[in-house]
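For reference, the structure is listed below as structure tokens.
Chain A is the first sequence line, chain B the second, and so forth, proteins listed ahead of strands; every chain is numbered from 1. Reckoned from all heavy atoms, side chains included, excluding hydrogens, waters and symmetry mates.
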2 protein chains.
Amino acid sequence: MISDGIPGTTAPDEKAARQTSTTRQPATARRAASARDGAPRADLPAQDGAPPRGRPRSEEADRAILRAAAELLEERGLAAMSIEEVAARAGVSKATIYRRWSSKGLLALDAFVIEFRSLQPLPDTGTLRGDLLAALSAWTWAVTRTPMGRMLAGLIAEAQHDAELHMAWRDRVLEPLRTQYRVMLDRAIERGEIAAPVDKEVVLDLFFGAAQHRLLLGHLPMTGEFISEVVDVILHGITRAR
Amino acid sequence: MISDGIPGTTAPDEKAARQTSTTRQPATARRAASARDGAPRADLPAQDGAPPRGRPRSEEADRAILRAAAELLEERGLAAMSIEEVAARAGVSKATIYRRWSSKGLLALDAFVIEFRSLQPLPDTGTLRGDLLAALSAWTWAVTRTPMGRMLAGLIAEAQHDAELHMAWRDRVLEPLRTQYRVMLDRAIERGEIAAPVDKEVVLDLFFGAAQHRLLLGHLPMTGEFISEVVDVILHGITRAR
DNA sequence: TGGTATACGAAACGATCCGTAACGTATCTG
DNA sequence: CAGATACGTTACGGATCGTTTCGTATACCA
């Protein structure tokens, strides 16, 4: 069992909608049939209770694939990244990749999540302002000083037309992050810094959205001044309550 | 020049050399290179002062291509849209498309901008709150009730790794929109509704970013309540000034 | 030790799409 | 009329797709 980011949860089925060509895909149809009668192919083989029988999957290959995917995602973006290239750079065959991930998007998501999670702490500075500044600074650092910023856009775009990836993104990236931020808001309410009836979801959208907007569009730099201005406007906006 | 060469004699080794030089770069890199070294081939042929000589471009073909591109963008997204499909649906040959647009992204941008511009009015209701509500409502309507919302993500993603498209997006979509919103803020300053030292760019990022965030991630619906909450928090945040 | 099960790399497959070119036809200007 | 340009059709070589087959490698179990 590989620790964290390996495709443990996602069920590979019904990815026909993701296919690029509409009209007819005998290949996909065949694959759907084989997925129906057989075991899921792009999942971990070990179901709890039944110890794995044959040769175990190479964790070395897992790491090499994810590392290669992360590199290529940064260099070219998701759309221009080919599985063929990932395989070549990882020193692995294509089939080895397809055994683990059913789509390019899910592979990219894993490559992204592994690093991203460790870079988003839950600050507890004692004041809401301190917490927000720390959280937004950490997020900004991750997306501007590491390859992750450039991965973001491609994943978000791909998720627009890939329901499976969309759900995975929400479950493994967006909601964990929002849950962290909600805790910060709840603590501020307990401390009496802000009034309870504040709409936390809107606050999160403002907080996170402003930064993501500037990141994706790139019209202005993400400076420390920008971060503190964002926090200040939001704080003034909600400490007045309503 | 056209007639003097026997077809078979035209330097097959030159072609081979050209092919090996580009061995197997991803499509995007090849396209970028060809666009860089060559003259702009995919623009309107009529430069002012010289009336067009030959057969004019078919405006019918223009419309059909843009319409087909818009449809496919909505259905599959930019990454999964192929020029081949656009040509088939528009009843036009691939060459006809390549004569007009040098990249898939720029074609998509045109298909997007044509409709989008007409749907973003400059409201003047007399109050900043009224202006912001009207503007955000119009934007929200455009991206949720028309195909344009789903085009947005793909274009933004493609622009991350396509400098030409990135600049075009800023010049033709982002900056015109921000200029409109800045006017609304300036009028509010004149009326004394908000203090002058407010950072207008940050306000625009909050305003536009929150909505775009919720649109792209789709974690919560873009209701009228959401719109008014966003406007209220921002307004409270900046009317206190600082 | 052998049997079974699975993963592995390598190679090949039929497709689709790319971007370009050649060719003959259509429609403009002068 | 001639010249210029866009048009549609067709074809090309190459890249990548996702899958399949095959022989080999590596685990567990009896």
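- For dA7(C), the OP1/OP2 oxygens have no side-chain nitrogen or oxygen of Arg99(A) closer than 4.0 Å.
- As rounded to whole Å, 13 Å separates atom P of dC7(D) from atom CZ of Arg63(B).
- Salt bridge status for Glu175(B) with Arg170(B): absent, with no side-chain N to carboxylate O gap under 4.0 Å.
- Comparing dA7(C), dC17(D), dC17(C) against the side chain of Arg57(A) picks out dA7(C) as the nearest.
- For the pair Trp101(B) CH2 and dG19(C) P, the computed distance is 15 Å after rounding to whole Å.
- Nucleotide dA27(D) holds its P atom 14 Å from the CD atom of Glu60(A), rounded to whole Å.
- One atom, CD of Glu59(B), and another, P of dA26(C), lie 21 Å apart when rounded to the nearest Å.
- Looking at the side chain of Ile83(B), the nearest of the listed nucleotides dC7(D), dG19(C), dG8(D) is dG19(C).
- Side chains of Thr96(A) and Ser93(A): a donor on one and an acceptor on the other come within 3.5 Å.
- Classified by interplanar angle (parallel below 30°, tilted 30° to 60°, perpendicular above 60°), the ring pair His213(B)/Phe208(A) is perpendicular.
- The side-chain heavy atoms of Leu66(A) and Leu107(A), taken from C-beta on, include a pair separated by under 4.5 Å.
- Of all nucleotides listed (dC28(C), dC7(D), dA27(D)), dC7(D) comes nearest to the side chain of Ser58(B).
- Using a 4.0 Å cut-off, some side-chain N or O of Thr96(A) falls inside it from OP1 or OP2 of dG9(C).
- When the side-chain nitrogen and oxygen atoms of Arg100(B) are compared with OP1 and OP2 of dC7(D), one or more of them lie within a distance under 4.0 Å.
- The CD atom of Glu84(B) sits 8 Å away from the C1' atom of dC18(C) (whole-angstrom rounding).
- Distances were taken from every side-chain heavy atom of Tyr98(A) (C-beta onward) to each of dC17(D), dG8(D), dA27(D); the shortest belongs to dC17(D).
- Residue Ile65(B) contributes atom CD1, which lies 8 Å from atom P of dG8(D) at whole-angstrom precision.
- Interface remark: the Arg55(A) side chain does form a donor-acceptor pair with the dA7(C) base, using a distance-only criterion of under 3.5 Å.
- Counting to the nearest Å, the C1' atom of dG8(D) and the CZ atom of Arg89(B) are 20 Å from each other.
- Positionally, the nearest nucleotide of DNA chain D for Ala61(B) lies more toward the 5' end than for the other of Ala61(B) and Lys94(B).
- As a whole-Å value, the separation of Arg76(A) CZ from dA15(D) P is 14 Å.
- Between the side chains of Arg178(B) and His219(A), at least one donor N or O sits under 3.5 Å from an acceptor N or O.
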